[in-house]
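Sequential numbering from 1 along the given sequence is applied to the chain's residues.
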Amino acid sequence: QTLKTNVSEGERTIAFQQSALRESEVAIKADAVRLEALERECAERGKVIRELISTAADLKERREWLEGEAGHLRAALEEAAQRHEEAMAAADATVRQVREAAEGRFGYELQARLSKLQSKVNDLAEKEARNGMRMTALAEELAGARNTAHLEYARRVEIERALHESAAIFKQQIWSKDESIGRLADACQ
């Protein structure tokens, strides 16, 4: 009778342990599926981070190029402004000379020359005004590009921070699952 009782209790214990093992096996498989999904997600995020870093480098190069171009344009504008000032001073001096001469015996000829020179001065002034407008438009475009680059950089830094946080959470979840699996394995033994 005692032997039957012990055998019966042993069979119940074995059945209970087999049931627990099956439940552990199901839980381990579910955890393995979740772990694979998390690893895929981590790989995808890594790819996105690499793409963001590559794009940020391209934007940085573009910004540096634009800044270099702006420097060249600024120098060209300053040079053009200097030439304009010199041309205006020369034209003013010529106009003064022509007026002084016009008051003399060559009045009509000098007046024609004066008109021609005044026309050239006006053409130069218009050309300089167009150059100034073009430089202003380029400066505005450069400012827009700088702003866009700055916003993109800030966005990428925020995404990278979020991805680092996600990676830390992912590592914590994996560690927690490994501990759970270890405890279940220990309990099964």
Rounded to the nearest 0.5 Å, how far apart are [atom1] of [X] and [atom2] of [Y]?
X	Y	atom1	atom2	value
Gln118	Asp123	CD	CG	10.5 Å
Ile174	Asp31	CD1	CG	11.5 Å
Glu67	Arg74	CD	CZ	9.5 Å
Asn122	Leu117	CG	CG	11.0 Å
Met133	Met135	CE	CE	13.0 Å

Identify whether the distance between the nearest side-chain nitrogen and carboxylate oxygen of [X] and [Y] falls below 4.0 Å.
X	Y	answer
Glu158	Arg155	no
Arg83	Glu128	no
Glu44	Arg40	no

### Message
Before you tell me yes or no, could you show the steps for Arg156 and Glu152 under salt bridge (charged side-chain N to carboxylate O under 4.0 Å, His left out), namely the whole-Å CA-CA distance, both residues' side-chain angles and the distance that decides it to 0.1 Å?
### Response
CA-CA 6 Å; Arg156 289 169 188 264; Glu152 180 65 18; 2.4 Å; yes
| request: Go through the steps to decide whether Arg183 and Ser180 satisfy the test side-chain contact (heavy atoms from CB on, under 4.5 Å), and finish with yes or no. | output: CA-CA 5 Å; Arg183 280 184 288 189; Ser180 297; 3.3 Å; yes
Donor-acceptor contacts under 3.5 Å from residues 162-170 side chains, at least two apart:
unit_1 : atom_1 : unit_2 : atom_2 : d
Glu165 : OE1    : Arg161 : NH1    : 3.3
Glu165 : OE2    : Arg161 : NH1    : 2.2
Ser166 : OG     : Arg45  : NH1    : 2.5
Ser166 : OG     : Ala162 : O      : 3.1

Does Leu73 share a hydrophobic cluster with Leu77, counting links as ILVMFWY side-chain heavy atoms below 4.5 Å and allowing steps through other members?
yes
- Query: Do Ile159 and Tyr153 share a hydrophobic cluster, counting only Ile, Leu, Val, Met, Phe, Trp and Tyr and linking them when any side-chain heavy atoms are less than 4.5 Å apart?
  - Reply: no
I'd like to know if the side chain of Thr136 and the backbone of Gly132 have a donor-acceptor N/O pair within less than 3.5 Å. yes
Item to complete: Would you check if the side chain of Thr94 reaches a backbone N or O of Ala90 as a donor-acceptor pair within less than 3.5 Å?
Response: yes
Practice task
Under the side-chain contact (heavy atoms from CB on, under 4.5 Å) rule, what do Leu35 and Lys177 come out as? Steps first, then yes or no, please.
Solution key: CA-CA 9 Å; Leu35 179 62; Lys177 294 299 177 182; over 6 Å; no
Margin query: Counting only heavy atoms not in Glu141 (residues, nucleotides, ligands), do more than 12 fall under 6.0 Å from its CD?
Written below: no
Give the table of side-chain donor-acceptor pairs shorter than 3.5 Å for residues 48-63, with sequence neighbours excluded, one pair per line with atom names and distance.
unit_1 : atom_1 : unit_2 : atom_2 : d
Arg50  : NH1    : Gly46  : O      : 3.4
Thr55  : OG1    : Glu51  : O      : 2.9

| message | Quiz question: by atom type and distance under 3.5 Å, do the side chains of Arg22 and Ser19 form a donor-acceptor pair? | response | no
Per side chain to side chain contact (heavy atoms under 4.5 Å, CB included), Gln82 is matched among Glu79, Glu78, Glu86 by Glu86
